[in-house]
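Values reported hereafter were calculated over all heavy atoms of this structure, with side chains retained and with hydrogens, waters and symmetry mates removed. Order of the sequence lines fixes the chain letters, A, B, ..., with proteins taken first and strands second; residue numbering starts at 1 for each chain.
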There are 2 protein chains.
Amino acid sequence: MTMNDSQGRAAAAAGTATARTGKGLRRDAAENRARLLRAAWEAFAEHGADAGVEEIARRAGVGMGTLYRRFPTKDALINELSEVIFESILEYARMSAALGTDRAPGAPSGLEESLFHMGEVMASHHGCLARLWQASPPPEQDERRTELWQLMGQMLDQAKATGDVRPELTLTDVYLSVLALRSLIDDTAGTGPDLWRRYLEVVLAGFRPTPGARPLAYQPADDTLVTRGIPKHRH
Amino acid sequence: MTMNDSQGRAAAAAGTATARTGKGLRRDAAENRARLLRAAWEAFAEHGADAGVEEIARRAGVGMGTLYRRFPTKDALINELSEVIFESILEYARMSAALGTDRAPGAPSGLEESLFHMGEVMASHHGCLARLWQASPPPEQDERRTELWQLMGQMLDQAKATGDVRPELTLTDVYLSVLALRSLIDDTAGTGPDLWRRYLEVVLAGFRPTPGARPLAYQPADDTLVTRGIPKHRH
DNA sequence: GCGCAACCGGAGACCCATCTCCGCTTCGTG
DNA sequence: CACGAAGCGGAGATGGGTCTCCGGTTGCGC
């Protein structure tokens, strides 16, 4: 896109592209934006999602005004962080799915690989995860979320085909595992070692087919839940 | 065990939960106390833990002053609800552990039974679960928590002995599963069917020993985490 | 250099949930 | 029945957080 400075104001007002990516900002402004994101990441990791905006601004070495000029609201800042996390997850899933079943025998399946990577990136951003899997208004984000879960679905089918996963398992089952993993990561953040790894191992063991095992007794849920995300509030 | 019956029963249940509560209250006061607990339960179930005290008072048909005379703080009210939940869990675990391995072949182990019951009672109180497994100051509660996890440890050992659970599994692994289950219940509350049941089934499948399975790669965590509970804030 | 639009800081306006205070009412005992 | 203690309601004080406003500053095209 090419746009001169006189139209800069209109661009900022109309499209969120400038606000989101930080492109087209004056050098100092762009730098401050990056600092703010980094500071927010650190602050949330330390104090959870209820770290105050003032601390974030202080950590970034800027004033409140700057923070709120870059991000119209605290929520927007959090969403931006979620974006980074999600992007990493999606990118890895793309690669992992593209690899298909072409793996060394005994190696973890693409599904397992992706789930462990999800854990990894979520753990390194604990505190910013609140909105990650929630139902989200922005349509562009919804589109990418749909892509992710299509990829996960592919990998789930592959894993079933190779006998790595029991056939009754649905995509929603995987989704629920991710939700649970997310919460566990946030809950156990700061308690020493990465407890979530071992937990995920146990869950994945539950995914695998076992010779004489009884089938799952409870019915699976509708798979549309996965792309919709979980609702923010309950009634 | 639910508080669905008359107010008198709810008052009695609340009275036995903690010695300090509602003992020598005037009749109207005791009734209001029970109403408040019931109202809080409903409000939290609907709007999550951030339901306002004003709504709780309104639901109970009393004024703010009454609420704060009965419960010195909103936290105390939440703790009182947690108490009810915990009591039910502990009681069931006691019975289940006492039964030991004396079960019909193919029947679920005491461990599985207790975990499902935990899910049941947590699900019927979703929104009040925030402080359930957190590190808690009151020493009497700590004592009972220790008892619960001793019982769970017994049942874990029994399940290992009967071959229902793989030998490498530790009490902390079970604890982490409970934490994850708790969060999942809260996250998926109100999204139709009880998704947590199927999820728990999958996790329990991961508990079971499988003939040719590889052992868990990651080391278990220190078991003291279990009775300590997870810290409230991270630094 | 010059000018101006974009940017900056941070004091305080604003909002909202928690909690307090006090004049009036109700219980229940002597 | 009468009287004091316990209980009651709910308006508003409090506090902590988000967000705004505006005078001064700075990057950057010309």
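Atom CD of A:E54 and atom P of C:dG12 are 13 Å apart (whole Å). Between the CG atom of B:N32 and the C1' atom of D:dC8 there is a distance of 8 Å, rounded to whole Å. One interatomic measurement links the two molecules: CZ of B:R59 to C1' of D:dG10, which rounds to 20 Å at whole-angstrom precision. Between the CZ atom of B:R27 and the C1' atom of D:dA5 there is a distance of 16 Å, given to the nearest Å. One interatomic measurement links the two molecules: CG of A:L77 to P of D:dG17, which rounds to 17 Å at whole-angstrom precision. Rounded to an integer number of Å, the gap from CD1 of A:I56 to C1' of C:dG10 is 16 Å. Rounded to an integer number of Å, the gap from B:R26 CZ to D:dA6 P is 9 Å. Separating the CD atom of B:E31 from the P atom of C:dG28 is a distance of 11 Å, rounded to the nearest angstrom.
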Every protein N/O within reach of nucleotides 19-22 of chain D N/O, cut-off under 3.5 Å:
| from | atom 1 | to | atom 2 | distance (Å) |
| --- | --- | --- | --- | --- |
| D:dC19 | OP1 | A:T73 | OG1 | 3.1 |
| D:dC19 | OP2 | A:Y68 | OH | 3.0 |
| D:dC19 | OP2 | A:T73 | OG1 | 3.2 |
| D:dC19 | OP2 | A:K74 | N | 3.1 |

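Remark: the B:D75 side chain and the B:T73 side chain contain no N/O donor-acceptor pair separated by less than 3.5 Å.
The salt bridge (Lys or Arg N to Asp or Glu O under 4.0 Å) test applied to B:R59 returns B:E42, B:E46, B:E55, not counting sequence neighbours. Residues meeting the side-chain contact (heavy atoms from CB on, under 4.5 Å) test with A:V202, sequence neighbours left out: B:L169, B:F207, B:L216. Applying the side chain to side chain donor-acceptor pair (under 3.5 Å) criterion to B:S183, with sequence neighbours excluded, gives A:D187. Among residues two or more places apart in sequence or in another chain, the side-chain contact (heavy atoms from CB on, under 4.5 Å) test is passed with B:D28 by B:R26. For B:T227, the side-chain contact (heavy atoms from CB on, under 4.5 Å) partners two or more places apart in sequence, or in a different chain, are B:T146, B:W149.
Close to C:dC7, at under 4.0 Å from its OP1 or OP2, lies a side-chain N or O of A:R70. OP1 or OP2 of C:dC7 has not a single side-chain nitrogen or oxygen of A:T66 nearer than 4.0 Å. Taking only side-chain nitrogens and oxygens, A:R58 never comes nearer than 4.0 Å to OP1 or OP2 of C:dG9.
Using a 4.0 Å cut-off between a side-chain N of Lys or Arg and a carboxylate O of Asp or Glu, B:E31 and B:R35 qualify as a salt bridge.
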